[in-house]
Amino acid sequence: MCGRFSLATDEFSVKVYLANRFNINRNAASLDLPRYNIAPGQMVLSLINDGRAFRHGYLKWGYVPDYDAKSQNPQRIINLRSETILEKSYLAASVAKRRCVILADGFYEWRKTSTGKIPFRIRSTDQELFPMAGLWNSHTDSRGNKEHTVAILTVAANGIVKDIHERMPVILNDTDAKLWLEAQPPSLVELKQLLLPYPDELTTMYEVSDIVNSYANESPACIVPAN
DNA sequence: CCAGACGTTGTT
DNA sequence: GTCTGG
DNA sequence: CCAGACGTTGTT
DNA sequence: GTCTGG
């Protein structure tokens, strides 16, 4: 699955990416980059389509479903199985109207061994920055604060990631990302067909230090190859 | 009609 | 062991 | 995802 | 919010 990732890129590169690939040029706001260790509960850089144009902004990682929006400690869903998003009634409105992508340049998975867990970083050889498919939602919590929350969609691990883990985030290419974000998609069934394991031949993976285990370690050491 | 359920992963 | 928080 | 916390009463 | 079940 995907419970930790990186966007270890400087702000300028991300702004160039947003301009070139998504025609986003209103870029005054600071993007708080680079990030080496992004964890659930934190704000993640996301793209949506507002019906006229692509927009970027921050969403809080941990999707709060409508049915739980008013509880004191709502369920916060960090991943959703892409295979079943069309079957879950509580997701219907998000699937229809609140699809998004989350920007990353790598994600972490842990291999379980008899002696413990070993972290790995997985990247694309094709896209320095890549969009991960997500669904977002809005709610007003019990104190009246508005929150925009997001879950990352998952899919079966590809041939590379399979060595260490059974699931991986849905990574899209730029073309499919735009389709996924399309405000008036041809059909939701067609959109769901975009949610596939990333191609093996475009995937690279390497072991990293267990420094990454603690989200408090927001440091370049997280992405340095182990040994 | 209303009431009740509604996640994921990994591990067992 | 299990939940919470980042 | 992992790390960290994990209680109660009564007093301030 | 939306579907299922009774």
Side-chain angles (χ1 to χ4, degrees), chain A residues 1-8 32 35-45 58-99 102 104-122 132-143 145-158 161-171 188 195 197 205 207-219 221-223 226:
Chain A
M1 72 98 94
C2 181
R4 212 72 76 79
F5 65 94
S6 61
L7 187 53
D32 181 29
R35 289 295 313 276
Y36 301 98
N37 198 349
I38 300 170
Q42 298 181 346
M43 304 303 280
V44 296
L45 186 58
Y58 278 93
L59 297 170
K60 185 170 183 173
W61 190 8
Y63 180 104
V64 175
D66 289 335
Y67 65 77
D68 219 16
K70 281 169 188 158
S71 68
Q72 290 271 334
N73 252 321
Q75 185 173 198
R76 292 180 182 274
I77 299 166
I78 65 170
N79 291 135
L80 287 164
R81 297 178 65 87
S82 60
E83 294 92 334
T84 55
I85 54 171
L86 297 184
E87 298 159 21
K88 314 255 181 192
S89 53
Y90 75 95
L91 290 179
S94 284
V95 170
K97 294 181 296 195
R98 291 188 291 276
R99 297 177 305 279
I102 299 94
D105 77 338
F107 66 93
Y108 300 103
E109 299 285 3
W110 281 257
R111 169 149 70 194
K112 292 208 171 187
T113 71
S114 50
T115 52
K117 295 177 179 179
I118 304 171
F120 287 78
R121 182 164 182 249
I122 298 97
M132 301 187 288
L135 294 175
W136 65 280
N137 203 15
S138 291
H139 75 283
T140 304
D141 67 20
S142 47
R143 291 174 192 159
N145 302 317
K146 193 127 195 178
E147 262 190 4
H148 306 286
T149 61
V150 63
I152 296 172
L153 305 190
T154 64
V155 69
N158 67 18
V161 177
K162 212 173 201 167
D163 278 352
I164 63 166
H165 206 81
E166 291 183 352
R167 307 283 300 173
M168 69 187 294
V170 173
I171 296 175
L188 298 180
L195 308 177
M205 177 170 82
E207 187 180 335
V208 293
S209 159
D210 62 9
I211 278 177
V212 75
N213 288 12
S214 173
Y215 65 84
N217 293 325
E218 174 55 46
S219 126
C222 292
I223 66 171

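Per chain, numbering begins at 1; letters A, B, ... match sequence-line order. Note that these values count all heavy atoms, side chains included, but never hydrogens, waters or copies made by symmetry.
For the P atoms, the distance linking D:dT8 with C:dG1 amounts to 22 Å, nearest Å. B:dA3 and D:dG10 are spaced 40 Å apart, taking the P atom of each and rounding to whole Å. To the nearest whole angstrom, the two P atoms, one in B:dT11 and one in D:dC2, are 10 Å apart. B:dG4 and D:dC6: their P atoms are spaced 35 Å apart (whole Å). Taking atom P in both C:dG5 and D:dG7, the straight-line distance is 13 Å, to the nearest Å.
For the OP1/OP2 pair of B:dT9 and a distance below 4.0 Å, the side-chain nitrogens and oxygens of A:T154 include at least one atom meeting the criterion. OP1 or OP2 of B:dT9 has at least one side-chain nitrogen or oxygen of A:R81 nearer than 4.0 Å. Residue A:K60 places none of its side-chain N or O atoms closer than 4.0 Å to OP1 or OP2 of C:dG6. Taking side-chain N and O atoms only, A:N79 has no distance below 4.0 Å to OP1 or OP2 of B:dG7.
The main-chain N or O of A:G3 is never found under 3.5 Å from a side-chain atom of A:N79 such that the two would form a donor-acceptor pair.
In this entry the distance linking CZ of A:F5 with P of D:dC1 reads 15 Å, nearest Å. Going from atom CD1 of A:I164 over to atom P of B:dT9 covers 14 Å, rounded to whole Å. Residue A:Q75 contributes atom CD, which lies 13 Å from atom P of B:dT9 at whole-angstrom precision. One atom, CE of A:M168, and another, P of D:dC1, lie 15 Å apart when rounded to the nearest Å. When the P atom of D:dA3 is taken as reference, atom OH of A:Y215 falls 11 Å away, rounded to whole Å. For the pair A:N217 CG and C:dG6 C1', the interatomic distance rounds to 13 Å; values are reported in whole Å. The separation between A:I77 atom CD1 and B:dT9 atom P is 12 Å, rounded to whole Å. A straight line from CD of A:E83 to C1' of B:dG7 spans 13 Å, rounded to a whole angstrom.
Side-chain proximity of A:I78 to C:dG6, D:dC1, B:dT9: nearest is D:dC1.
Not a single salt bridge (Lys or Arg N to Asp or Glu O under 4.0 Å) links A:R98 to another residue, sequence neighbours left out. Residues forming a side-chain hydrogen bond (donor to acceptor under 3.5 Å, both in side chains) with A:Y58 (at least two apart in sequence, or on another chain): none. Take A:S209 and apply the side-chain hydrogen bond (donor to acceptor under 3.5 Å, both in side chains) test, not counting sequence neighbours, and it matches no residue. Listed by chain and residue number, A:D105 satisfy the salt bridge (Lys or Arg N to Asp or Glu O under 4.0 Å) test with A:R121 (two or more places apart in sequence, or in another chain). Legend: residues meeting side-chain hydrogen bond (donor to acceptor under 3.5 Å, both in side chains) with A:R76, ordered by chain and number and at least two apart, are A:E147. For A:D68, the side-chain hydrogen bond (donor to acceptor under 3.5 Å, both in side chains) partners at least two apart in sequence or on another chain are A:S71.
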Let me have DNA chain C in dot-bracket notation, would you? Count Watson-Crick plus G-U wobble pairs, both distances under 3.5 Å, and use [ ] for pairs crossing earlier ones and | for inter-strand partners. ||||||
Filtered N/O pairs between nucleotides 1-5 of chain E and protein, under 3.5 Å:
unit_1, atom_1, unit_2, atom_2, d
E:dG1, O4', A:D66, OD2, 2.9
E:dG1, N2, A:Y90, N, 3.3
E:dT2, O4', A:S89, O, 3.3
E:dT2, O2, A:S89, OG, 3.0

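When side chains are defined from C-beta on, A:R99 counts as touching A:L188, because their heavy atoms get closer than 4.5 Å.
Residue contacts for A:P65: at a heavy-atom cut-off of 4.0 Å it reaches no nucleic acid atom on any strand shown.
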Per-pair distances, 0.1 Å, donor-acceptor, side chain in residues 85-97 of chain A, under 3.5 Å, sequence neighbours excluded:
unit_1, atom_1, unit_2, atom_2, d
A:S94, OG, A:Y63, OH, 2.6
A:S94, OG, A:W136, O, 2.8

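Under 4.0 Å is where a charged nitrogen must lie from a carboxylate oxygen, and between A:E166 and A:R81 no such pair does.
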